[in-house]
Amino acid sequence: LGKSMKDHLRFAACYWHNMCWDGADVFGQGTFGRPWLQPGEPMQRAMEKADAAFDFFHKLSIPYYCFHDVDVAPEGHSIKEYTENFARMTDVLEAKQEETGLKLLWGTANLFSNPRYAAGGATNPNPEVFSYAATQVMQAMNATKRLGGENYVLWGGREGYETILNTDLRQEREQLGRFMQMVVEHKHKIGFTGTLLIEPKPQEPTKHQYDYDSATVYGFLKQFGIEEEFKMNIEANHATLAGHSFHHEIATAISLGIFGSIDANRGDAQNGWDTDQFPTAVDELSLVMYEILKSGGFQTGGLNFDCKLRRQSSSPADLFHGHIGGMDHMALALKKAAAILQNDFLAEKVAQRYAAWSLPLGQSIMSGKESLASLAKLASTNNFNPQHVSGEQELLENKVNRILFG
Ligand code: ASO
């Protein structure tokens, strides 16, 4: 593998599902009753939450964590209060990181929970909402830089629309594009050396989300000339909601040169929405790890458990079981991926399949020397009668499955 297992498995736990969610869903109230989620003085509760969070992360021996601005600090009633609270909690996080040795995989801003974002943050018809969103992202980027964060994530939670009848698609895309350009400008202004990550997701929470999947996001980045500035944070469950497999989304992002990091969870076929279950599908995870290993492993990204307990499973001990199980499954997947890579019959078969493209005809086509007419002439002069190239799909699937399940 060229690296130790630990270097490949850059695990992170998230603040939001573990510390901020009480088990509430659209059909029922919270079931978890964590002390720091009870009513009380907001900053006091934020401090208790930070104590519990770092105690939990430390006991898990997980190397990284991730957070949104409003997971760690109370929003307050004004921008001033928001900024002060967040600055105070950034100090707290910094001290706790030093104490525990925990590192920040990425920070981000929540532009989707507050009612002001009901019609989007960057894509909102009101430029004042856009400006509020800009404030939050600037503060969260600054905090991420200060805390030594290795990446900054942008998930466009509410950047989408419910009906085209009241939506100016061109205007909203332009707004989102300008917003992302500002993020890039700010990154360079403050000298943040981490990676900017866009996280695609379709279907939810708005009926149509602009950042539908990897390929859509790539097209969007190209439109605004910022494709060199972003990589992607790919989530298993988001991939399946887009009608893809997790494997497909990772392989697509790698092939486009924009793979960055992972939100690990379980995207099983029965999911009707983003259920954020702990990852346990070893076969899918192995193929994902195979792609990542083959492409050289994680650079600044890692494996963030964007996972939550089921609401009937309120015991804090289950949080440990969920994460430990997730880490075990990922480690097993890494071993299986390494086994596929050793004597890499897949790479060999793929290379054989496309070998003709390195011969004179293939090279001449790809170097731009040919046209439709020149190829038509060549094909008829030489009386081309090409044979079908076998994909050997059954053979390869059986061989891979023997490693995964054998
Ligand atoms: C919560 C979402 C997750 C995303 C995070 C960042 O569940 O997919 O990574 O917010 O905004």
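Worth saying up front: this structure is predicted, and the values here are computed from it rather than measured. Just so you know, ligand 1 is whichever comes first in the structure, and atom 1 is the first atom listed for that ligand. When a residue number appears, it is its place in the shown sequence, counting from 1.
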Please work out whether the ring planes of [X] and [Y] are parallel, tilted or perpendicular, with thresholds of 30° and 60°.
| X | Y | value |
| --- | --- | --- |
| Phe259 | Phe298 | tilted |
| His248 | His244 | parallel |
| Phe305 | Phe278 | tilted |

For atom 11 (O) of ligand 1, which candidate among Lys201, His68, Glu199 holds the nearest heavy atom?
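Shortest heavy-atom distance from atom 11 (O) of ligand 1: His68.
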Among Asn110, Asn233, Asp274, Asp306, which one puts a heavy atom closest to atom 7 (O) of ligand 1?
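Of the listed residues, Asp306 has the closest heavy atom.
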Between Asp263 and ligand 1, does any nitrogen or oxygen pair lie at a separation below 3.5 Å?
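Yes, there is a polar N/O contact under 3.5 Å.
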Atom 1 (C) of ligand 1: nearest protein contact (heavy atom, Å)
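Going by distance alone, atom 1 (C) of ligand 1 is nearest to Trp16 NE1, 3.6 Å.
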Enter the distance from His238:NE2 to Asp263:CG here, rounded to the nearest 0.5 Å.
7.0 Å
Phe67-Trp16 aromatic ring centre distance below 6.0 Å
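No, too far apart.
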In terms of atom number and element, which parts of ligand 1 are under 4.0 angstrom from non-hydrogen atoms of His238?
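In order of numbering, the contacting atoms are 8 (O).
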Which of the numbered atoms in ligand 1 are under 4.0 angstrom from any heavy atom belonging to Glu235?
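Those of ligand 1 that fall under 4.0 Å from Glu235 are 3 (C), 8 (O).
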Going by heavy atoms, is Phe67 under 4.0 Å from ligand 1?
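So Phe67 does not count as touching ligand 1.
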Counting only heavy atoms, which portion of Tyr15 has something under 4.0 Å from ligand 1: side chain, backbone, both, or neither?
neither
Residues Gln171 and Gln175: side-chain donor-acceptor under 3.5 angstrom
yes
